[in-house]
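Single-structure report; data block below.
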Amino acid sequence: MVRQLLPTPVPALDDAAVLDLYAPPRGPMPFVRFNFVGTADGASTHDGASGDLGGDADRRIFALLRRHADTILVGAGTVRAEGYAGELVDAAGRAWRRERGRPPHPGVAVVSGTLDLDPASAFFAQAPVRPLLLTTAPAAERDAGAFADVADVVACGRDGVDPAAVLRELTRRGHRAVHSEGGPSLFGAFQAADLVDSLCLTLSPLLAGGTARRIAEGAEHPLVPLRISALLEEDGALFIDYRRAAERPDG
């Protein structure tokens, strides 16, 4: 059973308690959360994917976090590596959202600078909501027509996908609670733009070795202090909700 270590020790948490701990603040400003799992020695993948790194508690918290999302934001590489076809919120999660007057399924947005995705893939064919593809102006001008039947394509930059433009587009659509599940390049880009409010990190009691990627990649940027909003534990795995120690400059 998941137990709470911080802010107050609690021996066992039910789903409602976990959801309360991880609830994003409600207000006029968008809230950007990233969720990752990593090993004790810093690996974010094993054999090219992250699925083997987390146990039952990680999968439980992973599913609960999605309930709070207005949109689930992922990079195209994560879609290719992890699948993402079909429902991303389970039946209990959809019922929980309906009870609170929210759409049963969050929006799904994919960042792809080149639109290197297959419009005939299961991700599009089984999408529970029409996906949003956030890309560069050249890629949108060249390839948007190929996705016309399966997704909305929006340009968010010319030389690269601009995280600030992504956030403006999602906010324009009413998606204030942005829940991102990677990958490392997307996380690094949002860090460089200083647009990360929360990092939910599962630290698994595993050693992976090798040359696995870390959870963030990209240009170095000034250090951003974080505070622990919640710390949970089960079977040696730690579940940490880090939040900014100070508001974002635009907040």
Side-chain angles (χ1 to χ4, degrees), residues 33-37 44-54 58-98 102-157 160-161 163 165-167 169-175 177-187 189-190 213:
R33 165 175 281 160
F34 278 78
N35 184 32
F36 281 93
V37 60
S44 65
T45 60
H46 187 256
D47 288 337
S50 62
D52 291 339
L53 303 186
D58 177 64
R59 286 184 281 273
R60 173 191 171 199
I61 292 173
F62 182 87
L64 291 173
L65 286 174
R66 286 178 168 178
R67 294 190 188 184
H68 285 305
D70 292 325
T71 193
I72 296 172
L73 177 70
V74 292
T78 298
V79 171
R80 290 190 291 268
E82 307 285 353
Y84 275 78
E87 298 280 358
L88 302 182
V89 176
D90 60 20
R94 297 194 298 274
W96 184 90
R97 290 172 61 87
R98 287 191 189 97
R102 303 180 66 183
H105 200 286
V108 179
V110 180
V111 174
S112 175
T114 61
L115 288 182
D116 184 18
L117 293 162
D118 180 3
S121 68
F123 169 75
F124 293 104
Q126 300 174 22
V129 294
R130 186 174 171 88
L132 173 63
L133 302 183
L134 302 162
T135 188
T136 60
E141 293 163 4
R142 182 185 65 241
D143 295 325
F147 296 91
D149 293 336
V150 296
D152 294 336
V153 177
V154 176
C156 292
V161 179
V166 166
L167 192 54
E169 178 62 25
L170 294 175
T171 302
R172 186 185 70 79
R173 292 170 177 257
H175 297 170
V178 179
H179 175 79
S180 181
E181 297 169 356
S185 296
L186 183 62
F187 187 31
F190 268 75
R213 304 171 73 182

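One is the number of the first residue; the rest follow in order along the sequence.
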Practice item. Can you see which heavy atom on G86 is nearest to which on P128, and at what distance? Key: O-CD, 3.4 Å
Check your understanding: When the ring planes of F147 and F124 are compared, do they come out parallel, tilted or perpendicular, using 30° and 60° as the limits?
Key -> tilted
**Study point:** R94 and E87: CA distance, side-chain angles, deciding distance, side chain to side chain contact (heavy atoms under 4.5 Å, CB included) verdict
**Key:** CA-CA 10 Å; R94 297 194 298 274; E87 298 280 358; 3.6 Å; yes
Check your understanding: Does R59 reach the main-chain N or O of G54 with its side chain, forming a donor-acceptor pair under 3.5 Å?
Key -> yes
**Study point:** N-O pairing of D90 and R66 below 4.0 Å
**Key:** no
Review point. How would you list, by chain and number, every residue that makes a side-chain contact (heavy atoms from CB on, under 4.5 Å) with A125, sequence neighbours excluded?
Key: none
Revision key, fill the gap. Rounding to 0.5 Å, atoms CG (D58) and CG (L53) come to a distance of 8.5 Å
Check your understanding: Which pair of heavy atoms, one from Y84 and one from F123, lies closest together, and at what distance?
Key -> O-CD1, 3.3 Å
Point to revise | Qualifying residues under salt bridge (charged side-chain N to carboxylate O under 4.0 Å, His left out), relative to R130, sequence neighbours excluded | key: D152
Exercise for review: Would you mind reporting whether S180 and F190 have side-chain heavy atoms less than 4.5 Å apart?
Suggested key: no
Check your understanding: side chain to side chain contact (heavy atoms under 4.5 Å, CB included) between L117 and R80: does it pass, once the steps are laid out?
Key -> CA-CA 8 Å; L117 293 162; R80 290 190 291 268; 4.1 Å; yes
Check your understanding: For L132 and T71, what are the C-alpha separation, side-chain angles and deciding distance, and is it a side chain to side chain contact (heavy atoms under 4.5 Å, CB included)?
Key -> CA-CA 10 Å; L132 173 63; T71 193; over 6 Å; no
Review point. If only atom types and distance count, is the side chain of R142 paired as donor or acceptor with the main-chain N or O of L115 below 3.5 Å?
Key: no
Side-chain donor-acceptor pairs under 3.5 Å in residues 103-111, sequence neighbours left out?
| unit_1 | atom_1 | unit_2 | atom_2 | d |
| --- | --- | --- | --- | --- |
| H105 | NE2 | L88 | N | 3.0 |

Practice item. Determine yes or no for a side-chain-to-main-chain donor-acceptor pair under 3.5 angstrom, with R67 supplying the side chain and R97 the backbone. Key: no
Study note, to complete from the structure: Per side chain to side chain contact (heavy atoms under 4.5 Å, CB included), R33 is matched among L73, V178, L65 by L65
Check your understanding: Closest approach of T136 and G113, non-hydrogen atoms and distance?
Key -> OG1-O, 3.0 Å
Check your understanding: Does R102 use its side chain to pair, donor to acceptor, with the backbone of W96 at less than 3.5 Å?
Key -> no
Check your understanding: Does any N or O in the side chain of T135 come within less than 3.5 Å of the main-chain N or O of S112, such that one atom is a donor and the other an acceptor?
Key -> yes
